[in-house]
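This report refers to the structure that appears directly beneath it.
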Amino acid sequence: MVIKYLGTAAAEGMPAIFCRCELCEKARKSGGKNIRTRNQICIDGDTLVDFPMDSYMHALNYGIDLSAVGNVFITHAHMDHCYPQDVTMRGAPFAHNMTKPIINFYGNASVIKKFKEHTRDELKPEAENSIRLHTLKPYDVVNSGGMKVTALPARHTIGEDCLLYAIEKGGKTALVMNDTGVLDESVYEYLESRNTRFDFISFDCTYGGGGGEVRRHMGLVDNISERERMKAHSLVKDGTVYVITHFSHNSGLLHEELSALAEKNGMIAAFDGMELNI
């Protein structure tokens, strides 16, 4: 399973779109891994987790054939994770000779509602016929193309069934946690009851080196405590890879500083374009 981080920032990007704080000015000046676009992950070139407004940029930057993507799993309806307007271009006269005739979008009821409302005025039949929308609830399971994906409840937007995803393929299992606070104990009990063992964990780390409170995001402090909970429930292995991502400029940390903190605690700080083979 090849996991590629296409974007690793929170909603505002890094540097933040309108911001001139010290961190953002440093990021603009230094460039490189300090430039972060909105959060998105690509798995094996044909599956995406989240579809932000930066998806087109990601395709250009990393040679992603978006017409070859068959499945997109969306965590929640915020626009930095769910930007359906671009999907109106998937069909004539905007797109020809696409690699796959059908693309499947999976998400909660709020995501599906947003797709329908935000594409209604511009979605032509040629594009609409190539799109399939699937409503997911926590603990629903999708089997597609040798990949098994389990939707799990995230802790994020009040009133919305925000999701994170456990992904199994080729004998490997990954947990992708975008935009979530610490998990409810019931999630751990569910995974333990199914003898789940993760080879790879991707943590929300919006608060950078901070955290320590039950909120709608996590920081490194929370990531470390969640890893201990995972060990207590026998959900991880000795060789499990831990990655932190979804960073906000408000953390005040450039990539080099995030990377040093992560490495000190046995984790990897993701950057745009980072690729791991698990």
Side-chain angles (χ1 to χ4, degrees), residues 1-10 39-44 47-50 73 75-76 81 138-139 147-156 162-212 214-247 258-259 261-272 274-278:
M1 190 187 302
V2 178
I3 297 176
K4 192 175 187 70
Y5 284 82
L6 307 181
T8 57
N39 202 83
Q40 187 176 38
I41 291 174
C42 182
I43 300 174
D44 290 341
T47 300
L48 297 175
V49 179
D50 286 331
F73 294 90
T75 55
H76 63 294
H81 295 261
Y139 303 111
M147 179 181 288
K148 177 183 177 182
V149 180
T150 303
L152 299 169
R155 178 176 286 167
H156 190 53
C162 299
L163 301 171
L164 51 96
Y165 295 103
I167 301 168
E168 303 173 50
K169 185 180 181 183
K172 300 292 184 179
T173 304
L175 181 62
V176 179
M177 305 167 68
N178 295 344
D179 263 31
T180 183
V182 298
L183 303 184
D184 188 83
E185 185 65 18
S186 62
V187 179
Y188 286 91
E189 293 170 355
Y190 172 87
L191 293 170
E192 186 177 25
S193 72
R194 282 152 179 76
N195 297 312
T196 306
R197 300 290 184 275
F198 290 110
D199 301 280
F200 176 87
I201 307 287
S202 182
F203 284 114
D204 174 303
C205 194
T206 305
Y207 300 135
V214 178
R215 292 184 282 182
R216 58 199 293 269
H217 288 292
M218 288 188 279
L220 187 58
V221 171
D222 307 302
N223 301 155
I224 293 168
S225 65
E226 290 296 273
R227 180 175 60 186
E228 293 308 306
R229 290 176 71 195
M230 290 174 183
K231 290 179 180 178
H233 284 276
S234 301
L235 299 182
V236 293
K237 311 171 183 180
D238 289 341
T240 298
V241 176
Y242 303 92
V243 177
I244 57 175
T245 187
H246 198 277
F247 304 112
L258 281 165
S259 185
L261 279 174
E263 185 176 352
K264 181 180 178 180
N265 289 282
M267 301 186 185
I268 300 169
F271 55 87
D272 287 20
M274 186 179 84
E275 184 174 290
L276 296 172
N277 195 333
I278 63 167

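Quantities reported herein were computed from a predicted structural model and do not represent experimental measurements. The first residue in the sequence is number 1, and the count goes up from there.
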Let me see the working for Leu152 and Leu191 under side chain to side chain contact (heavy atoms under 4.5 Å, CB included), right down to the final yes or no.
CA-CA 10 Å; Leu152 299 169; Leu191 293 170; 4.0 Å; yes
Would you give the length of the straight line joining atom OG1 of Thr240 to atom CE of Met230, rounded to the nearest 0.5 angstrom?
9.5 Å
Minimal heavy-atom distance between Ala262 and Ala269, with the atoms involved, is CB-N, 3.7 Å
Just how far is it from atom NZ of Lys264 to atom OG of Ser259, taken to the nearest 0.5 Å?
13.5 Å
Which residues satisfy the side-chain hydrogen bond (donor to acceptor under 3.5 Å, both in side chains) test with Lys148, sequence neighbours excluded?
none
Show me the side-chain donor-acceptor pairs of residues 167-175 shorter than 3.5 Å, one per line, residues at least two apart or across chains.
unit_1	atom_1	unit_2	atom_2	d
Lys169	NZ	Asp44	OD2	2.8

Aromatic ring pairing Phe203/Tyr242, orientation class (parallel under 30°, perpendicular over 60°, tilted between):
parallel
Report the C-alpha separation of Arg215 and Tyr207 in whole Å, then their side-chain angles, then the decisive distance to 0.1 Å, and conclude whether the side chain to side chain contact (heavy atoms under 4.5 Å, CB included) test is met.
CA-CA 10 Å; Arg215 292 184 282 182; Tyr207 300 135; 3.6 Å; yes
Stepwise side chain to side chain contact (heavy atoms under 4.5 Å, CB included) test for Ile201 and Glu226
CA-CA 11 Å; Ile201 307 287; Glu226 290 296 273; over 6 Å; no
Minimal non-hydrogen separation, Gly211 against Asp222, with atom names
CA-OD2, 3.2 Å
Tyr5 and Ser202: side chain donor to acceptor below 3.5 Å:
yes
Heavy-atom neighbours of Glu263 CD exceed 12 at 6.0 Å
no
Applying the side-chain hydrogen bond (donor to acceptor under 3.5 Å, both in side chains) criterion to Asn39, which one of Asn178, Asp272, Thr8 satisfies it?
Asn178
Testing the basics here: between Leu164 and Pro153, what is the closest heavy-atom pair and its distance to 0.1 Å?
CD2-O, 3.9 Å
How close do Tyr165 and Val149 get, heavy atom to heavy atom, and via which atoms?
CD2-CG1, 3.6 Å
Taking every non-hydrogen atom, the tightest pair across Ile244 and Phe247:
O-CZ, 3.2 Å
What I'd like to find out is whether the side chain of Leu163 reaches to under 4.5 Å of the side chain of Pro138, using heavy atoms alone.
yes
Return all side-chain donor-acceptor pairs below 3.5 angstrom for residues 179-186, not counting sequence neighbours, or 'none' if the list is empty.
unit_1	atom_1	unit_2	atom_2	d
Asp179	OD1	His81	NE2	3.4
Asp179	OD1	His246	ND1	3.4
Asp179	OD1	His246	NE2	2.3
Asp179	OD2	His76	NE2	2.9
Asp179	OD2	His81	NE2	3.4
Asp179	OD2	His156	NE2	2.9
Thr180	OG1	Arg155	N	2.9
Asp184	OD2	Ser186	N	2.9
Asp184	OD2	Ser186	OG	2.6
Glu185	OE1	Arg229	NH2	2.9
Glu185	OE2	His233	NE2	2.6

Using 0.5 Å steps for rounding, measure from the NZ atom of Lys231 to the CG atom of Asp238.
8.5 Å
Is any side-chain heavy atom of Leu220 closer than 4.5 Å to a side-chain heavy atom of Met267?
yes
So which of Met274, Glu275, Gln40 actually passes side chain to side chain contact (heavy atoms under 4.5 Å, CB included) with Leu6?
Gln40
Under a 3.5 Å distance rule, please check whether Asp204 uses its side chain to pair with a backbone N or O of Met218 as donor and acceptor.
yes
For the residue pair Gly219 and Cys205, what are the closest heavy atoms and their distance?
C-SG, 3.9 Å
I'd like to know whether Tyr139 forms a side chain to side chain contact (heavy atoms under 4.5 Å, CB included) with Val187, so could you lay out the CA-CA distance, the side-chain angles of the two residues, the decisive distance to 0.1 Å, and finally the verdict.
CA-CA 9 Å; Tyr139 303 111; Val187 179; 3.8 Å; yes
Got a second to check how far Leu276's CG is from Lys4's NZ, nearest 0.5 Å?
10.0 Å
